[in-house]
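To keep things clear, I will list the structure first and then write my remarks on it.
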2 protein chains.
Amino acid sequence: MDADKVFKALGDPTRRRLLDLLCERNGQTLGQLCEKLDMARQSATQHLDILEAANLVSTVRRGREKLHFINPVPLHEVYERWVRKFERQRLSLLHDLKKELEGE
Amino acid sequence: MDADKVFKALGDPTRRRLLDLLCERNGQTLGQLCEKLDMARQSATQHLDILEAANLVSTVRRGREKLHFINPVPLHEVYERWVRKFERQRLSLLHDLKKELEGE
DNA sequence: TTGACATGCAGGTATTTACCTGCATATTTC
DNA sequence: GAAATATGCAGGTAAATACCTGCATGTCAA
């Protein structure tokens, strides 16, 4: 996993929206996704390219259409590497913070 | 939680490094963190400001020093909102993708 | 095979971002 | 109180980003 690509891909509201749209209905075409985005088709394409480069979306060509599918694997890896690590220490980290805010 | 600030904060390798450093030892000063970063102190400050604006880091002033603490709450919320959602459907999403890649 | 439709590709621009340098302020120590 | 230390603040720049318009290509259907 390229953590940087994944996080940068997630760091834009349009791209998070696209993932949500695909979560509602997987396998949508570029045109279908564009209808819901309020920007030029070419701009949406660029966002989808970034999601694809981060491996968060995979595409399949069907005739003149391009179907888009979520790939949940990178998000799972983000969870394993980033969230669980802090989750394990969550209470002790909060404890550190609280103690210091209380002034020792 | 401001998802946009959190994801944008995480979308930079230096800032992820800072979180890892604080995970190793919570409550470090700006100077201590800078020693490990290979960039000007002022640049590191900007990164820490972004982490603080995203509420991923909280700071406490102690004399002329500034101590930095991880706040694990936003990461937990990211997990709840973003990772679990896709995790719940993980197998079925992978199924969609696999079927389409196989050509039907 | 021609017209409609879905997508690809090539720039162009304004904004944001990630760095820097230089100087100012606040705190501790001698 | 003067020097050393820790951090704050104010620009300045080069690169990345998120949009756009215009045109080209590929596919389906009448």
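Chain identifiers are assigned alphabetically (A, B, ...) following the order of the sequence lines, protein sequences preceding nucleic acid strands; residue numbering begins at 1 within each chain. Everything numeric in this text was worked out from a predicted model, so none of it was measured.
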Whether the side chain of R15(B) engages the backbone of A9(B) through a donor-acceptor N/O pair (distance < 3.5 Å, no angle test) should be reported. yes

Rounded to whole Å, how long is the line connecting atom CG of L37(B) with atom P of dT7(D)? 13 Å

Could you state the CD-P distance from E35(A) to dT7(C), rounded to the nearest angstrom? 10 Å

So, for L19(A) and L56(A), which heavy atoms are closest and what is the spacing to 0.1 Å? CD2-O, 4.3 Å

Does the side chain of T29(A) reach to within under 4.5 Å of the side chain of L67(A), using non-hydrogen atoms? yes

Which whole-number value in Å describes the distance from L48(A) CG to dC19(D) C1'? 15 Å

Should we say atom NZ of K85(B) is surrounded by more than 12 heavy atoms from elsewhere, each under 6.0 Å from it? yes

Any side-chain heavy atom of K36(A) within less than 4.5 Å of one from Q28(A)? yes

Write down the distance between CG (L10(A)) and C1' (dA18(D)), rounded to a whole number of angstrom. 17 Å

Name the orientation class of the two ring planes belonging to Y79(A) and Y79(B) (parallel below 30°, tilted from 30 to 60°, perpendicular beyond 60°). parallel

Atom CD of Q32(B) to atom C1' of dT5(D): distance rounded to whole Å? 14 Å

One character per nucleotide, please: for nucleotides 19-30 of chain C, 5' to 3', B when the base has a protein heavy atom closer than 4.0 Å, S when only the sugar-phosphate does, - otherwise. BBBB----BS--

Please check if the number of heavy atoms outside R62(A) that lie under 6.0 Å from its CZ is greater than 12. no

Bend angle of the helix from dT1(C)-dA30(D) to dC30(C)-dG1(D), from helix axes over five pairs at each end, nearest 10°: 30°

When you compare the side chain of L51(A) with that of L48(A), does any pair of heavy atoms fall below 4.5 Å? yes

Would you say the side-chain atoms of N71(B) pair up with the backbone N or O of N55(B), donor to acceptor, closer than 3.5 Å? yes

Atom-to-atom span, NZ of K8(B) to C1' of dA18(C) - whole angstrom: 15 Å

Please give, in whole Å, the distance from dT17(D) P to D4(B) CG? 15 Å

Between atom CD in E52(B) and atom P in dT7(D), what is the gap in whole Å? 13 Å

